[in-house]
Amino acid sequence: MTDLQAFKSDFLKTLRDRGYIHQITHPEELDAAAVGGVVTGYIGFDATAPSLHVGSLIQIMMLRRLQQAGHKPIVVMGGGTTKVGDPSGKDTSRQMLTEDGIKANIASIKTVFEKFLRFGDGPTDAIMVDNDEWLSAFGYIQFLREYGPHFTINRMLAFDSVKNRLDREQPLTFLEFNYMLMQSVDFLELERRYGCLLQMGGSDQWGNIVNGVELIRRVEQKPAYGLTTPLLATASGAKMGKTAAGAVWLNADQLSPYDYWQYWRNTEDADVGRFLRLFTDVPLDEVRRLENLPGAGINDAKKVLADEATAMLHGKEAATTARATAEKAFEQGGLSADLPTVEIRAADLEAGPSIAAIAVRAGLAQSNGEARRLAQGGGLRLNDEQIMDGMRPVSVADVKDGVIKLAAGKKKIVLIKPV
């Protein structure tokens with residue numbers, strides 16, 4: 001189906017209208033299945049860190065859209081596949097984690113999904129499973145005999161996830177080469193256990209997903225479908241989930257609700273409508289109104305985006321507090337205990353470090369040179385006073401109400417607290 005307007009199911013119409021669809025393996029069949037009953041679909045998440053970051057949020061939202069349309073989502077935690085590492089879109093091998101490290105990451109990650117999905121035993125309630133349950137149960141010879149004949153090296157080499165890595169003359173280990181087999185077996189196992197018909201993921205997963213679809217259709221002679229989202233970048237070309245200060249983590253202990261709110265508030269003008277469609281439940285009519293607000297009105301739309309995205313992840317109270325903190329700090333020039341705070345030894349402050357060095361320590365710049373250039377351009381403020389000299393010493397005399405307020409540009413404020 002090349003005409004996306006022809007969709008009849010609420011699920012695919014929603015994905016189309018909100019901008020999630022990149023590729024679908026069998027669109028007419030999937031559309032008919034979604035009209036005819038409950039479709040069970042899954043997305044896998046490897047546990048390479050204690051938290052997912054905002055780059056994974058579009059996948060979580062896809063599962064949310066699936067459930068909102070009356071279907072059943074499965075969250076697959078990659079306890080098994082994390083041991084191998086997905087080569088898609090990467091030039092280097094993934095760092096090998098210990099079993100205990102993977103388990104700890106999964107325990108930390110899994111709490112986020114409860115914010116977006118309803119879990120339970122009902123027909124459309126979400127469930128969470130760990131692919132280590134079946135992948136680690138295979139013996140090597142058994143795995144090869146059972147699944148090896150269904151995959152050809154010629155076919156695997158043709159997929160972008162492998163081809164691009166080899167074209168860039170970057171080594172691809174045999175360990176990583178097995179990843180697409182493992183992901184295909186995941187899909188097959190989920191079909192057998194839960195009647196799972198659909199695997200979703202980012203467009204870099206297309207080859208892995210297609211392999212799983214073909215494996216189920218060949219081995220089980222049953223329908224199976226794949227659907228991918230576009231790989232997201234901002235209007236200026238930056239990768240979603242990455243900022244100068246680091247990754248935008250979803251766990252509150254990795255990134256505060258205030259900093260999460262600020263991330264969305266700082267969205268580029270051209271991205272506001274797209275992000276409202278993808279990352280919030282704001283109705284489409286309201287999205288169209290917000291993205292077309294004239295002039296400075298776009299800033300109001302950004303606040304709505306930040307409010308809605310933060311409330312969904314951290315709760316409405318956290319979003320309200322984050323907004324009030326930001327408005328007090330940026331629009332009213334005040335202080336708030338909810339602003340990010342960096343502690344510094346009072347003895348270190350007595351030595352009179354430069355404002356550039358303090359800015360680096362506070363995460364407002366990556367290096368002293370960058371901080372000095374920021375100051376020269378008028379972008380550094382100390383207690384709301386513009387400081388042009390990056391070498392200007394900071395001392396205990398700058399402490400006001402127990403803290404020093406340091407700002408970079410119009411979007412970042414950190415409180416420096418002597419201890």
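For residues 248-259, no pair satisfies salt bridge (Lys or Arg N to Asp or Glu O under 4.0 Å), with sequence neighbours left out. Residue pairs meeting the salt bridge (Lys or Arg N to Asp or Glu O under 4.0 Å) criterion with at least one member in residues 101-123, sequence neighbours excluded, are R118-D125.
Rounded to the nearest 0.5 angstrom, Q183 CD and Q199 CD are separated by 4.5 Å. Note that CD1 of I106 and CG of D132 are 7.5 Å apart. Values are rounded to the nearest 0.5 Å.
Take S236 and apply the side chain to side chain contact (heavy atoms under 4.5 Å, CB included) test, not counting sequence neighbours, and it matches T234, A238, E268. In terms of the ring-ring contact (aromatic ring centres under 6.0 Å, His included) criterion, residue partners of F138 (sequence neighbours excluded) are, by chain and number, F143, Y147. Under the ring-ring contact (aromatic ring centres under 6.0 Å, His included) criterion, H26 pairs with no residue, sequence neighbours left out. Contacts of W134 classified as side-chain hydrogen bond (donor to acceptor under 3.5 Å, both in side chains), with partners at least two apart in sequence or in another chain: D186.
Inter-residue side-chain proximity for L313 and L250 is flagged as met; some heavy-atom pair is nearer than 4.5 Å.
Between F113 and F45, the ring centre distance stays below 6.0 Å. Aromatic ring centres of W249 and Y260 lie farther apart than the 6.0 Å criterion allows.
A donor-acceptor pair is defined here as one N or O able to donate and one able to accept, closer than 3.5 Å; such a pair exists between the side chain of T25 and the backbone of G226.
Using a cutoff of 4.0 Å between basic side-chain nitrogens and carboxylate oxygens, R289 and E286 are scored as salt-bridged.
Other residues, nucleotides and ligands contribute at most 12 non-hydrogen atoms within 6.0 Å of the CD atom of E317.
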